[in-house]
Amino acid sequence: MAKHSLETSRLIVLLLMMLICFSDPAVAVADQFSKLQYLKNSLFRRELLSGSSTRNNSHSALQNGLVSLYDVTLYGADPTGRNDSTDAILSALSDAFNKRPGNETLITGVYDLGGAQIYLAGGTYTVSRPLRFPASGAGNVMIHGGTIKASDAFPTDGYLIDLTPPQNGKNGGAYNYEFVTLRDLLLDANFRGGGISITNSLRITIDNCYVTHFTTEGIISRGGHETYIHNSFLGQHITGGGDPGERNFSGTAITLAGNDNAVTDVVIFSAATGILISGQANLLTGVHCYNKATGFGGTGIYLKLPGLTQTRIVNCYMDYTGIVAEDPVQLLVANSFFLGDAYVSLKSVNGVIDGVSIVDNEFSGSNGQIGIVHLDQSKTPFKKIGSILVDRNAARMMKLKSTVARGMARGNGTSWTVDFNPILLLPNRIDHVQYSVRVDNSGLFPVHTLRKATDNTVVVESNVPVSASIYVSVEQGIK
């Protein structure tokens with residue numbers, strides 16, 4: 001039966017092609033072929049979905065023998081975007097949730113939906129309300145393959161896709177959702193709220209998504225852990241950089257208010273804040289931020305968890321916008337590139353800094369007056385200083401700052417001074433000194449000693465005048 005149906009579809013397409021050939025030449029050929037392609041895709045998609053099984057007359061899930069695929073157009077969603085498709089897409093979500101293959105669960109309280117797919121069929125859909133599952137407890141499900149745009153009536157505090165259960169739809173488990181994948185989506189918030197909201201969920205994947213025109217957050221993950229965002233693009237305004245309205249960019253592209261999340265290979269091209277993190281043990285790698293320049297009041301990455309940062313930022317590109325970390329504890333910034341006077345700011349809230357490594361980065365500036373790492377002690381000075389390593393960074397047209405420094409002094413006398421203030425990051429703090437003396441006259445063997453190591457200055461003295469060179473290395477932030 002399926003074979004005959006497929007042959008019928010092919011015959012219809014062939015007849016339509018013949019019809020186009022003899023149609024009114026005044027009608028645009030490109031438009032005719034576009035309509036034909038849409039019909040062809042629709043016919044063959046339905047054949048693929050139905051396979052050899054009988055179609056369900058209630059237009060619910062069509063089985064292909066492996067997974068349940070819910071085509072939203074079969075629920076009445078308008079792929080042109082002209083009509084509101086909210087109810088149709090919500091019906092597809094409801095069917096995927098309620099017609100699960102069994103009662104198998106993932107983590108306690110989360111049903112395994114068997115790899116169900118909410119398929120957008122390459123269309124553009126206008127919605128006036130957030131898209132939610134009817135209750136918490138959905139797992140092993142994907143939404144993919146199209147564009148979702150907020151209508152002018154969309155609530156300004158809402159999110160296009162909201163993994164937050166309704167007030168009367170909580171499952172009582174520790175997590176709301178698990179193993180939900182959002183893939184190949186363009187989400188246009190139409191300056192009416194945000195793109196994706198995830199609440200107290202586990203192992204969520206956002207892959208190859210483009211989120212734009214948000215006023216609150218492009219993506220926000222609250223509670224839970226292991227939200228993975230990768231290969232995606234986010235920006236409040238669609239721009240390629242150097243936008244004349246950059247000063248007015250607002251909103252936050254990504255907010256991570258939970259633990260153990262990862263953002264990889266993501267571009268953030270406009271927002272006041274690129275990524276805001278207030279959870280522990282998060283990883284950022286391959287992130288390119290040019291959301292809003294620091295000079296305009298923007299921040300690329302803001303770490304707002306004083307005293308418990310536990311964040312790794314590796315192989316990132318901070319493009320005219322920098323990193324701010326409040327009371328950083330266990331922070332790694334490595335192998336990243338900072339352009340346009342972008343720098344790392346360590347901000348004192350309660351005066352704590354410990355376990356910080358800022359190493360092997362490249363910095364490029366303009367006038368040589370800005371340091372690669374700043375200590376923001378405007379609220380209170382850093383008083384509880386543990387281990388901190390700022391070293392092996394390279395700077396061009398910026399001031400190199402470090403917790404490890406080397407210097408030398410040469411002269412004929414009994415005292416040699418090396419001032420490390422221009423390079424040392426922490427004020428008035430030297431935890432370790434090592435020095436050597438090279439005397440020009442090999443026949444002399446003067447007695448020498450380290451006389452002073454305060455105010456980031458080292459003084460070495462000898463018992464007799466001598467012509468010599470003094471080589472000194474110092475370190476800060478050693479427990």
Side-chain angles (χ1 to χ4, degrees), residues 328 331 333-334 338 341 343-348 351-378 380-479:
L331 167 65
V333 180
F338 294 74
D341 291 318
Y343 57 86
V344 180
S345 177
L346 307 178
K347 185 175 182 178
S348 175
V352 178
I353 184 169
D354 191 14
V356 174
S357 296
I358 303 172
V359 294
D360 301 319
N361 301 286
E362 298 280 341
F363 293 82
S364 179
S366 56
N367 58 19
Q369 300 303 308
I370 296 177
I372 65 171
V373 181
H374 287 193
L375 293 182
D376 182 351
Q377 302 183 90
S378 56
T380 185
F382 283 109
K383 303 172 200 174
K384 301 175 183 177
I385 300 175
S387 63
I388 174 172
L389 176 64
V390 180
D391 192 23
R392 304 192 308 272
N393 299 294
R396 183 176 182 271
M397 297 298 291
M398 293 184 73
K399 288 182 178 179
L400 193 64
K401 304 298 287 186
S402 180
T403 57
V404 178
R406 289 162 291 278
M408 64 90 64
R410 178 176 174 77
N412 191 342
T414 59
S415 180
W416 297 263
T417 300
V418 182
D419 185 0
F420 291 100
N421 278 291
I423 190 169
L424 287 180
L425 176 65
L426 303 173
N428 191 25
R429 184 184 181 100
I430 294 178
D431 296 310
H432 176 79
V433 179
Q434 184 173 348
Y435 78 93
S436 60
V437 177
R438 179 178 179 179
V439 179
D440 294 339
N441 186 342
S442 59
L444 295 177
F445 199 92
V447 176
H448 50 81
T449 188
L450 174 66
R451 182 64 69 182
K452 174 186 175 185
T454 58
D455 299 322
N456 287 348
T457 300
V458 171
V459 177
V460 175
E461 294 184 353
S462 66
N463 63 333
V464 295
V466 63
S467 177
S469 298
I470 310 298
Y471 301 90
V472 184
S473 63
V474 296
E475 294 183 47
Q476 299 181 313
I478 299 176
K479 276 190 172 181

Residue pair A405 / F420: nearest heavy atoms and the distance that separates them: CB-CD2, 3.6 Å

Validation row: Y435, V418 side chains within 4.5 angstrom (heavy atoms): no

Side-chain donor/acceptor of S402 to backbone N/O of I423, under 3.5 Å: no

N361 (side chain) donor-acceptor with F338 (main chain) under 3.5 angstrom: no

By side-chain contact (heavy atoms from CB on, under 4.5 Å) - contacts of V466 (at least two apart): W416, V439, L444, P446, S462, A468

Close side-chain approach of R410 and S469, heavy atoms under 4.5 Å: yes

Intermediate values then yes/no, side chain to side chain contact (heavy atoms under 4.5 Å, CB included), S473 and R406: CA-CA 4 Å; S473 63; R406 289 162 291 278; 3.7 Å; yes

Spacing of NZ belonging to K384 relative to CD1 belonging to I353, to within rounding of 0.5 Å: 14.0 Å

Residue K452 excluded, over 12 heavy atoms near NZ under 6.0 Å: yes

Atom of P328, atom of V356 and distance for their closest heavy-atom approach: O-CG2, 3.6 Å

Atom of D341, atom of S366 and distance for their closest heavy-atom approach: OD2-OG, 2.6 Å

Side-chain donor/acceptor of N393 to backbone N/O of I358, under 3.5 Å: yes

Side-chain (E461) to main-chain (R451) donor-acceptor, under 3.5 angstrom: no

Full working for side chain to side chain contact (heavy atoms under 4.5 Å, CB included) between I430 and L424: CA-CA 9 Å; I430 294 178; L424 287 180; 4.1 Å; yes

Side chain E475, main chain H432, donor-acceptor under 3.5 Å: no

Beyond-backbone contact of I372 with L400, side-chain heavy atoms, under 4.5 angstrom: yes

Minimal non-hydrogen separation, N412 against P465, with atom names: OD1-C, 4.5 Å

Exam field: side chain D455 to backbone N428, donor-acceptor pair closer than 3.5 Å: no

4.5 Å side-chain heavy-atom contact, T403 and D431: no

Rounded distance [0.5 Å steps], CD1 in I388 versus OG in S357: 8.5 Å

Side-chain donor-acceptor contact under 3.5 Å, D376 with S345: no

Between CG on residue L375 and CG on residue L426, distance to nearest 0.5 Å: 6.0 Å

Atom pair CD1 (I385) and CD (Q476), whose distance is rounded to the nearest 0.5 Å: 8.5 Å

Over all atoms of both residues, closest heavy-atom pair of N456 and R429: OD1-N, 2.9 Å

Rounded distance (nearest 0.5 Å) linking atom NE2 of H374 with atom NZ of K399: 8.5 Å

Donor-acceptor under 3.5 Å (Q377 side chain, F382 main chain): yes

Audit row: V459, S415, side chain to side chain contact (heavy atoms under 4.5 Å, CB included) steps and yes/no: CA-CA 7 Å; V459 177; S415 180; 3.6 Å; yes

OG-CG distance between S387 and D354, expressed to the nearest 0.5 angstrom: 4.5 Å

